[in-house]
Each structure stands twice: as structure tokens, then as C-alpha cells.
Amino acid sequence: MANEQGPQPVHLPEAWAPESWLNREALQQPQYPDAGALAAAEAELARLPPLVTSWEVLALRRQLAEAQEGKRFLLQGGDCAESFKDCESGLISNRLKVLLQMSVVLVHGLRLPVVRVGRFAGQYAKPRSADLETRDGVSLPSYRGDLINAPEFTPESRTPDPRRMIEGHSRSAMTMNFVRSLIDGGFADLHHPEYWDLAWVAHSPLAQEYQRRVDAIGDAVRFMETLSGESIHNLNRVEFFTSHEALLLRYEQGLTRQVPRQWGWFNLSTHFPWIGMRTADVQGAHVEYLRGVRNPIAVKVGPSVTPEQLIRLVDALNPHDEPGRLTLIHRMGRAKIETALPPLLECVKREGRRVLWVADPMHGNTESTSNGYKTRRFENILGELDAAFDVHAAAGTRLGGVHLELTGEDVTECLGGARELTERDLERAYLSSVDPRLNYEQSMELAMLIVKKRGA
Ligand code: PEP
Ligand code: CO
């Protein structure tokens, strides 16, 4: 296995530099009108301190290698897009809380340690289907996320502003700082189901079963504490890692660094960058950029990807088949997973390639309601996840994690769940400016249903 600690280059990427992506076609990038302002912002970004460290990045890579071997399960979740105005204590701590509580349910039910990864501290850039948006005959650049421009439909707001990269770095740093402090403080007391909001359980047809599970988790936590004489917080300092879609390549490049006593380059804007479905062309700039950094990386895989294309991607991103390096996140949709996924699983298995397979049951299940909301049905999210476990079992491969869009708040953006949210309910608390998220209760319910499906 590669010596990941030593200073010697083990697998330096061939003909790569942090800016070599500039020679490839870069989709989904903004047009900055002022080249001088862009150069100044890039220079400033390149001097700012990084948001994560190389040893954290390598620790996550080792954990993902264990997940590939079935010794851990990945829980990756958070907002579709963060916004600068949502960089706020309550929203950040509630999102952390729901992820931690879901992970406790998964650890208990799957009998496996969980790798916790947030979609936060940098999830500020979004791919869009069109470069321009037209309203009443006026065309302006599409909103691409707060890292690039602002959502208001005015020329000032929509003009891409490179200073936003500096602001995005600051907001990410503030988020990271708060997350790290919460984790160092007493936050892990949330292992105790006594602190959870479980009123929804009574509304579920599985109420009794869920209550038994919650009681069992409480017993297990108290047992551990009695046994050791320590609170669970001292026993088990929780670890959280960050991730975001590496979309705005100038930003990613600015935080691509070399560090003392390590070979190669790291993206130190996040632990775990991923390539979105729309920018995953093997010839494209995003694949070129990410193939050269030593972080663990992920790629979203949609239903139109062929087995040949997928293997070319695996070759480009992990030519030496290194453990922990590559995660493939399939996002097929409930209707397509059973036909689209098996050929991909079989091909990667036949070629003997080492990947971590993760299911994103959100992005293939987006639909619009008659009253004009973008939504997802809980039953389709659950159905795709359920099918993902079965399709992997049939192929002799392993589903090693889930990738979800969720929030710790009581929003009404996805339909269904124990409280059976309807189209009318969407009007009550639809807050997302992009994709619909599972709310706190729906997220906890999904965790319970995963362990019902796969639990020990
Ligand atoms: C996302 O994760 O928000 C996203 C845009 O996903 P995908 O690239 O799978 O469409
Ligand atoms: Co999304």
C-alpha cells in the first residue's frame, strides 16, 4: 500500500499542475467581467490560510478505505446549497445535531462505525441548466450560488463578483470554526436520545418498533457510561469532515496547497471534494483538476453514464487503484435505479476496481407540484435507497453509504414521511432556494428505515 505519511512521492499525477485544468473545457464557470478584479481576488485567496489540514484529509481517506472494505458506513449530508446569510449559529448547530443523531441510529443499528461528512463549510456553488435566465424579456446571468453572484434578479446582483470567493472562504472558515468548537465542547451529549425530538415517532405506522429502537440506544449509551465511569462525550469524541461540490475551479485552485513533509498537492478548502454529474466528463476541466489532488474524491454518477465511460473516469481519477481514493455516488432516481445501476456495478467489479459505492436518493427524484414547488417524495427517496441495497446485494457489491440533502429545521420541502406532508404543506415552510431537503423528522425517520432494512 502507498506510504501516505512519508515525504516521498508515491504516485505523482502525470503532467498535472494546479492550473492544468485551464487547458480543458471548463463547464459551469462564470464569466467575470473585470479581469483585474479577478486576478486580485485570486492572489488574495492564494495567501489566505487553508480551511482543513492534510492530516485530516489523509485520516478521512483511511476511513473511506475502511468503508470500502465494509468496516464503516458513510453518512454524507447537508444543504443543497449553503447561503452566506445562513451562516448562523442555530442553523449550523441544528444541521450538525441531525447528522450526529442520525449517525447514532446508524452506528447502533448497523453495528458499524459511521464516517460523518457534512455538505457544509463551502457548499456555495451550484451548476445550472442555462447560463442566462430571462424574465419579462430581460436576460441576466443565472444565479450560480453565493460564491459567484446573488439571487436577486438585478444586473448588479447577477454579475459574477470575484470578491465573493474571499467572502465564501470567510464564511466557510466561520462555519468550520463553530463546528470544531461544538465538537470539542459538550455537543456529543446528543448521543443521548433523551435530547432528541421524537414526537414524530408516534405518527409512524412503525411507532412501536421505533420506540423500541430509541429505548435500546438509550440503554446502550447509559451502559457504556456506567461501564467506563465517563460520560459518552469523554469516551468518544465525534469526528466530522466537510465536503462540497468542487465546481468553481478558480476557488478550488486558490486553496490547492503543498504542505511540509508531504508529497503532492492537497485541496485544503475541504476534506472531501466531489465532481457533480454535469461536470464529470473525463476530458473536462473538473476531472483534470481533481485527478491531481491527494484528497479522497467523489463523483456523482447519473443514469446516462455507460460502463465504458465510468471505467475511463475511474482510470483517470484513480489510476493506481489506491484505497480510499475514489467514491462513486449514484443518483439514478427511483424509476431507473434497477435498470441503470447493475451494468455499472458489474463492470467496476469485473475490472476489479476499488471504489466506495454511495447512494444519493435525492437528485434523481426531483419533481414539480401543481402548485409550483420543486419537491421530492419521501417514498421515492426511501424506495431508491431500498432498491440500492437490493441491487448491490444482487451484484455482489456493497452499498457503503448515503448522500442526502437535509436540514435540522422543521421545513416542508419534501412530501410524505411519518407526518404525511402534502402539497398544501409545502406552502408552510418552504425555505430552500435550490433543491428540497429532508427536514429533521424525515431525516431521522430515514435513518431508522435504513437500519430496519439493513440492521443487525
Ligand atoms: C447536488 O448534489 O446538489 C447536485 C447538483 O447533484 P448532481 O450533480 O448529482 O445533480
Ligand atoms: Co442538490
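Whatever order the structure lists ligands and atoms in, that order sets their numbers, starting from 1.
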What I want to find out is whether Asp386 reaches Arg454 closely enough, with some N-O distance under 4.0 Å, to be called a salt bridge.
no
Evaluate Asp360 for polar contact with ligand 1, using N/O atom pairs at a separation under 3.5 Å.
no
When you check the gap from the basic side-chain N to the acidic O, do Asp435 and Arg376 get nearer than 4.0 Å?
yes
What atoms of ligand 1 come closer than 4.0 angstrom to any heavy atom of Gly276?
8 (O)
Does the ring center of Phe153 lie less than 6.0 Å from the ring center of Tyr143?
no
Ignoring hydrogens, what is the shortest heavy-atom contact between Asn439 and Val411? Give both atom names and the distance.
ND2-O, 2.9 Å
For atom 9 (O) of ligand 1, what is the nearest protein heavy atom, given as residue, atom name and distance?
Arg331 NE, 2.7 Å
Nearest non-hydrogen protein atom to atom 6 (O) of ligand 1, with distance, is Lys300 NZ, 2.9 Å
Under 4.0 Å between a side-chain nitrogen and a carboxylate oxygen: does that hold for Arg437 and Glu413?
yes
Under 4.0 Å from a heavy atom of Cys80: which atoms of ligand 1 are those, numbered in the order shown and with their elements?
3 (O)
Ser103 side, atom OG; Leu74 side, atom CG - distance, nearest 0.5 Å
11.5 Å
Inspect the contact between Arg334 and Glu379 and indicate whether a charged nitrogen and a carboxylate oxygen are less than 4.0 angstrom apart.
no
Got an N/O contact under 3.5 Å between Met277 and ligand 1?
yes
Check this for me: does any side-chain nitrogen of one of Lys71 and Glu69 sit under 4.0 Å from a carboxylate oxygen of the other?
yes
Does any N/O atom on Arg119 come nearer than 3.5 Å to any N/O atom on ligand 1?
yes
Report yes if Lys126 has an N/O atom closer than 3.5 Å to an N/O atom of ligand 1; otherwise report no.
yes
Between Arg278 and ligand 1, is there a nitrogen or oxygen pair with a distance under 3.5 Å?
yes
State plainly whether the residues Glu44 and Arg163 are in salt-bridge range, i.e. N to O under 4.0 Å.
yes
Would you call the rings of Tyr289 and Trp16 parallel, tilted or perpendicular, where under 30° means parallel and over 60° means perpendicular?
tilted
among protein heavy atoms, the one nearest atom 1 (C) of ligand 1 is His363 NE2, 3.0 Å
Sort by chain and number the protein N/O/S atoms found under 2.8 Å from the Co ion (ligand 2).
Cys80 SG, His363 NE2, Glu405 OE2, Asp435 OD2
N/O to N/O below 3.5 Å, does that happen between Glu405 and ligand 1?
yes
Does the distance from a Lys or Arg side-chain N to an Asp or Glu carboxylate O, for Arg180 and Glu56, drop under 4.0 Å?
yes
